[in-house]
Each structure stands twice: as C-alpha cells, then as structure tokens.
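First listed ligand is number 1; within each ligand, the first listed atom is number 1. We number each residue from 1, following the sequence as shown.
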Amino acid sequence: MEDNKINKNDNEKPGKPSNFIREIIDRDLEQGKNNSRVHTRFPPEPNGWLHIGHAKSICLNYGLAQDYNGKFNLRFDDTNPLKEESSYVESIIKDVEWLGAKWEDRLFYASDYFEQLYEWAIKLIKEGKAYVDDLNAEEIREYRGTLTEPGKNSPFRDRSIEENLKLFEKMKNGDFPDGSKVLRAKIDMASGNINLRDPVMYRIKHAAHHRTGDKWCVYPSYDWAHGQSDSIEGITHSICTLEFEDHRPLYDWFLDQLEVHHPRQIEFARLNLNYTIMSKRKLLQLVQEKYVSGWDDPRMPTISGLRRRGYSPESIREFCERIGVAKRESVVDIALLEHTLREDLNKRAVRMMAVLRPLKVVIENYPEDKVEEFEAVNNPEDESAGTRTIVFTREIYIERDDFLEDPPRKFFRLAPGREVRLKHAYFITCNEAVKNDAGEITELRCSYDPESRGGSTPDGRRVKGTLHWVSAEHAVDAEVRLFDRLFDKEDPTEGGDFLKNINPDSLEILTGCKVEPGLKDAKSGEYYQFLRQGYFVADSEDSTPDHPVFNRSVGLRDTWARIQQKGAK
Ligand code: ATP
Ligand code: MG
C-alpha cells in the first residue's frame, strides 16, 4: 500500500505546482508591492546542526527566490549567547552550501544589528512604547495571565520616559545582574493574544557572544530581533513555521511603530517525518549522551548525517519539492525520502560488485593461474558512465546467503547440483559444499562452463539466478556499515521518553567484506550501487585506501525478502 502511495505521487508530479505561498507572492506582485521584488531568507539559530526539516525551509525560501528572480539571504539568528557557538555556524554554512542554496554576498547575522536594535528600542521608550520592568521571570509569567484570563499591569509599567531611558542605559552598561530587569514593549496586558501582553524585548545576560564578545550584556528577544532584521535586509516575504502564527501581530506591531520597511510574515506547516526526531534539543541529547557518534552520524536526520549516509543534495531537494508546502500539520512517511534517494541514485550510481558476507568458491575446472578480464557496464541507466574491467579467477567469493544446502522451492541461487550465472562472467554449477569439523560450510567446489562466457550458452539453456562475486585474489577488504531506523516507533516520542524507543539494532558493522579493487580509493560524494545490496558511499570520516569503509545509504527492494516474509505469515 505504501508503494502505491509513492507511485501515485510520482505520476502526479507536476512541473512547479502553485501553493498558498506562491499565491500570496503573486498577489503582492500584481499589486506592485515591494517594487515587485521578492527577497527571502533562511534564519537558523546557531544552536545545533541543521536537519531535514531545515532543508525544507531552505529549499522553500531559496526556491522562491530563484523562481521569482529574487534574492535569498542566509542570516544567523544569533541572539542567545548562552546556547550558540561558532562551530554551529560553520556546520550550517557548509550544509546550506552543500544543499545548493546560494546567498551570494548576503550572509548576515542578527548580531550585526544589535546597535540598530538598541537605537530602535530607545526610540520606542521615548515614544512611551517600551519600559524597564523589575519583575523577575517568574513574576512576569504570573502577571501575564492565561488564555482565558487577562494579564495584570506590572507595578513598573508607568515609569517615566526619563527613568526608563536611564535604567535601560544602565542595563546596557552592565550595572545590573542577570535577570534583575528586562525591557518590555508597552502594548496591552489584556490582549486576547498573549504575545501582545507587553512582550520582553531585552534580557540581561552577562555572557560572551560568539561574534560580539563582551560588547553587550543585554540581548534582544527573538520577537524583537527577527522582524527588524528582516526589515533591515529588505526581506519581502518572511516565511516561518506555524508556531509563529500567533507572533505575527507582534511582528507587525513592532514594524508599524518603527514605520520601517514591513515584510510579510507567512507561516507554513513544518516537516515531520515518521521514525524521526527533529527537535534540536533531543538531537543534542543523542549526541551528548553518545547514543550516536556525533551530529553527523549517518543515522541522524541532520543534513550532515544524511550527507555522510550517502544522500545527494539533488535527492533532498527533490524530496522537499514533492512534499510541498501546506498550512496543515502532517507526518511524511520516511519511505518517501528513501524512495527519492533510490530514484536519484539509480540514475547516477556506478554499479560495483561487493560481497558483504563472503563464502569462497573454487572453480575446479578453471586453470590455477588464469586471470580473465571482462568488461562491465558502470551504469545501465547512463551510457556516459562507461565501462570498467573486472577480473575472473579460479577462486572467487560469493555471498554466503546465496548458497543453501537444502533450498526451498523459490530459491533460485546456488545449491548442490544447481547452476547459476555469475554476473558479467560464466555459468557455474555447484558440485560440493566443503565443511569444517563444526559442520559449517567453509567453501564451495564448483565447475564452470567455458561456453557460457558473457552469460549465455550455445545450447540456450537458462538459469534463473545471477549472483555477484569478486575474484578472491584481487578483491579488497572493506568494512561495511548497515543502518536501520534509529527509532523503532513511528512516533519516537510515544510513551513519553524518546530514548526508550531507540532501536538497539540500528547499526550493524560488517568487517572482512570483499569488494572490487576499484573501490579502494572511493571517496565520499561518489555514489555506488553494490549489485543486489543497495546504494553505498565511502564514509567521509573513517574510510581510507588502507581501510575502506562504506555506508549503506539505502537498500534495494529485495524480492526474496518479500517472499520470505509472505511465506512466514
Ligand atoms: P529552535 O527550537 O531552536 O528554534 P528550530 O528547528 O526552529 O529550533 P531554527 O534555527 O530556529 O531552529 O530554524 C531555522 C528555520 O528553519 C526557521 O525558519 C524554522 O521555522 C525552520 N524550521 C525548523 N524546523 C523545521 C521543520 N521541521 N520543517 C520546516 N521548517 C523548519
Ligand atoms: Mg526556531
């Protein structure tokens, strides 16, 4: 059923479907707003690494800028020195670049605007629209009221403008300890929208900022910084996720009071994926508590994790295109992400043979020292990928589970007396399975048909199975990492504690795998299909020519596994 859903999606894939955001932009352009400019931005907070949800936002914002011949900014929303680090900035820049979004010379930081924001705050104070409050965080919360009850005015709300100016300056100069005072906008403590109940504009934090150092000890809130940063940059459409819908009246209020360029905030539903955690806080916990090897662990939904796993930027962009944008929350099936990857890699991946769990085969009637060369197509989907030479010898490896002593009816691979095709080479027939004292099969003795070179025979007899293999003498040893979902629940937060839903078998490491010699120097970013095993990429961190390490990006669909599953039911 899942497959049907995906295929249906395939057929429906239109060029560039319209959506509610495009409709808004079209209308704004028709009305000549913003001098017919479109200018978007992606505003990450550098407090974690980007994930696939951020990719959606990047592709959306950059895609709109491209389609409307507009501009796209990358802006760090770096207003909280306590959680932010420049290492996050670096990883984010790398990821956005890798995804292919181009900000040209427009890389900005909200911290670049601290001076301007400070001046604007003074302007609001002078107009009686902002005040210094001595209530602490808890009192502010109490005074704020609830969804059903209005808030109460702070006893400090009616301070004179002079006093506010003096106190705010002292706040800035570092005369007060953290948390002792805040600057608040003076709006309406009885507003039906809690965000308008005198929101905090500045907090005191005696903390060094990754860019401004010790220059500031008052830091702007998200609400105070965000819209004004958009305005300074001339953003026309400020696209954000739905949780900011209730903040929009405040976004508008600040810009209206300042009478500056006024972008339009538009909200869309964030991407949720089943079996996947997207909260930065939880992802950080997975890293800090070492459930994964780092932010770029190939099982992480981070862009760096997906890259290391072997996702191409094209596949992620295509995925973001297919899921579209909507106003309503939904959960996307991770199978769609995997499907998009398979589809992309099918077109570009170089086919190789790699034996993950080797079983030696000795071809008894093949001369001991003979080495034969075969030409193999690199990618049947792409002629320009060319061919390569593979070598055939008397001893080869095949996949251990491609042999069964006592095969069931629908098993078309090797078994005693059975004949199969070796991909690109000859037909072989199994004569005998050699066992050790423990009864384990240690090697197969086979014979080949010299007439079957290239994969067919003069008498036209057919075989059902085709196996991949490598020459024992020429193959290179490799480590292969197979991944499964990091969480075994569709909703990883089910039951309250996401750590309890971690899949204990999400990583399987195979060593002593035997791969074609050409894979020795494989580099991350080169995409391979190991025949019958799936798509693989060299691990960007751990792979070396002396010790190649491959990550399985995604498997191929295995009809045998399906038959087995059906049989088991
Ligand atoms: P935080 O809780 O730290 O704010 P965040 O995921 O919202 O986490 P930001 O750095 O603020 O992180 O996000 C940058 C941009 O990416 C924002 O515009 C945000 O709306 C968008 N974004 C974040 N998560 C998703 C998601 N799952 N789907 C689509 N867009 C997202
Ligand atoms: Mg956010």
Side-chain angles (χ1 to χ4, degrees), residues 19-21 40-65 72-85 87-93 95-96 99 101 103 107-111 210 220-223 225-227 229-230 233 235 237-248 251 263-287 295 300-306 316-317 319-332 334 336-337 491-493:
N19 58 47
F20 75 97
I21 298 181
T40 59
R41 87 287 173 262
F42 174 63
E45 185 181 352
N47 62 352
W49 293 40
L50 299 183
H51 54 59
I52 181 76
H54 295 115
K56 174 175 181 175
S57 175
I58 295 164
C59 292
L60 174 61
N61 280 292
Y62 180 62
L64 289 168
F72 166 82
N73 292 4
L74 174 58
R75 181 203 317 140
F76 286 100
D77 223 325
D78 57 347
T79 52
N80 183 356
L82 300 179
K83 288 188 181 166
E84 298 163 4
E85 289 174 22
S87 69
Y88 292 135
V89 170
E90 283 151 30
S91 79
I92 290 171
I93 288 178
D95 289 348
V96 179
L99 263 185
W103 58 87
L107 169 61
F108 299 120
Y109 295 82
S111 55
H210 72 107
S221 62
Y222 170 88
D223 285 316
H226 199 87
S229 303
D230 283 343
E233 293 177 13
I235 300 301
H237 299 88
S238 175
I239 298 166
C240 59
T241 36
L242 280 182
E243 70 270 25
F244 292 104
E245 196 163 21
D246 291 342
H247 294 241
R248 188 176 354 119
Y251 183 100
R264 180 202 282 272
Q265 178 180 305
I266 306 170
E267 309 85 16
F268 70 99
R270 62 174 49 238
L271 167 65
N272 301 300
L273 269 183
N274 59 8
Y275 298 102
T276 308
I277 284 273
M278 224 102 68
S279 145
K280 279 198 263 188
R281 189 178 54 75
K282 293 194 176 105
L283 293 175
L284 178 63
Q285 199 178 342
L286 292 175
V287 173
W295 283 98
M300 290 281 270
T302 50
I303 295 179
S304 53
L306 294 168
I316 295 178
R317 292 202 297 262
F319 170 74
C320 292
E321 190 69 47
R322 281 196 200 184
I323 54 178
V325 283
K327 267 280 187 195
R328 198 161 44 88
E329 291 281 354
S330 65
V331 180
V332 173
I334 187 135
L336 179 60
L337 179 64
D491 172 5
T493 62

Trainee: Using heavy atoms and a threshold below 4.0 Å, how should the contact between Asn47 and ligand 1 be classified: side chain, backbone, both, or neither?
Mentor: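 Side chain only; the backbone of Asn47 stays clear of ligand 1.
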
Trainee: Is there side-chain contact between Tyr275 and Asp491, with at least one heavy-atom pair below 4.5 Å?
Mentor: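 The answer is no, as the side chains (C-beta and beyond) never meet within the 4.5 Å cut-off.
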
Trainee: Please work out whether the ring planes of His247 and Phe244 are parallel, tilted or perpendicular, with thresholds of 30° and 60°.
Mentor: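 Ring orientation of His247 relative to Phe244: perpendicular.
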
Trainee: Does any part of the side chain of Met300, heavy atoms only, come nearer than 4.5 Å to the side chain of Trp49, both counted from C-beta?
Mentor: no

Trainee: Do ligand 1 and Arg41 have nitrogen or oxygen atoms that lie under 3.5 Å from each other?
Mentor: no

Trainee: Run the numbers for me: atoms of ligand 1, each under 4.0 Å from some heavy atom of Thr241, listed by number.
Mentor: 19 (C), 20 (O), 29 (C), 30 (N), 31 (C)

Trainee: Applying a heavy-atom cut-off of 4.0 Å, say which part of Lys280 lies close to ligand 1: side chain, backbone, both or neither.
Mentor: side chain

Trainee: Under 3.5 Å, is there a donor-acceptor pair linking the side chains of Tyr251 and Asp230?
Mentor: yes

Trainee: Apply side chain to side chain donor-acceptor pair (under 3.5 Å) to the pair Ser238 and Arg264, showing each step before the final yes or no.
Mentor: CA-CA 6 Å; Ser238 175; Arg264 180 202 282 272; over 6 Å; no

Trainee: Before signing off on this row, confirm whether Phe268 and ligand 1 have an N or O atom pair separated by under 3.5 Å.
Mentor: no

Trainee: Would you indicate which of His226, His54, Lys83 comes nearest to atom 23 (C) of ligand 1 when only heavy atoms are counted?
Mentor: His54

Trainee: Quick one: which ligand 1 atoms are inside 4.0 Å of a heavy atom on Glu45?
Mentor: 3 (O), 9 (P), 10 (O)

Trainee: Have a look at ligand 1 and work out which part of Arg281, if any, has a heavy atom under 4.0 Å from it: side chain, backbone, both or neither.
Mentor: neither

Trainee: How many angstroms lie between CD1 in Ile316 and SG in Cys59, if you round to the nearest 0.5 Å?
Mentor: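 One gets 8.0 Å once the value is rounded to the nearest 0.5 Å.
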
Trainee: When you look for heavy atoms under 4.0 Å from ligand 1, do you find them on the side chain of Pro43, its backbone, both, or neither?
Mentor: both

Trainee: Of all the atoms in ligand 1, which lie at a distance below 4.0 Å from a heavy atom belonging to Ser57?
Mentor: 16 (O), 21 (C), 30 (N)

Trainee: Would you mind listing which atoms of ligand 1 come within a distance below 4.0 Å of any non-hydrogen atom of Phe42?
Mentor: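 Those of ligand 1 that fall under 4.0 Å from Phe42 are 14 (C), 15 (C), 16 (O).
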
Trainee: Ignoring angles and geometry beyond distance, decide whether Glu243 reaches within less than 3.5 Å of ligand 1 through its nitrogen or oxygen atoms.
Mentor: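 No; the residue has no nitrogen or oxygen that sits under 3.5 Å from a nitrogen or oxygen of the ligand.
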
Trainee: Salt bridge or not between Arg270 and Glu329? Use side-chain N to carboxylate O under 4.0 Å.
Mentor: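 Judged by the 4.0 Å cut-off on N to carboxylate O distance, Arg270 and Glu329 do not form a salt bridge.
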
Trainee: Any Lys/Arg nitrogen of Glu267 or Lys327 sitting under 4.0 Å from an Asp/Glu carboxylate oxygen of the other?
Mentor: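 Counted as a salt bridge, because a side-chain N and a carboxylate O are separated by less than 4.0 Å.
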
Trainee: N/O to N/O below 3.5 Å, does that happen between Gly53 and ligand 1?
Mentor: yes

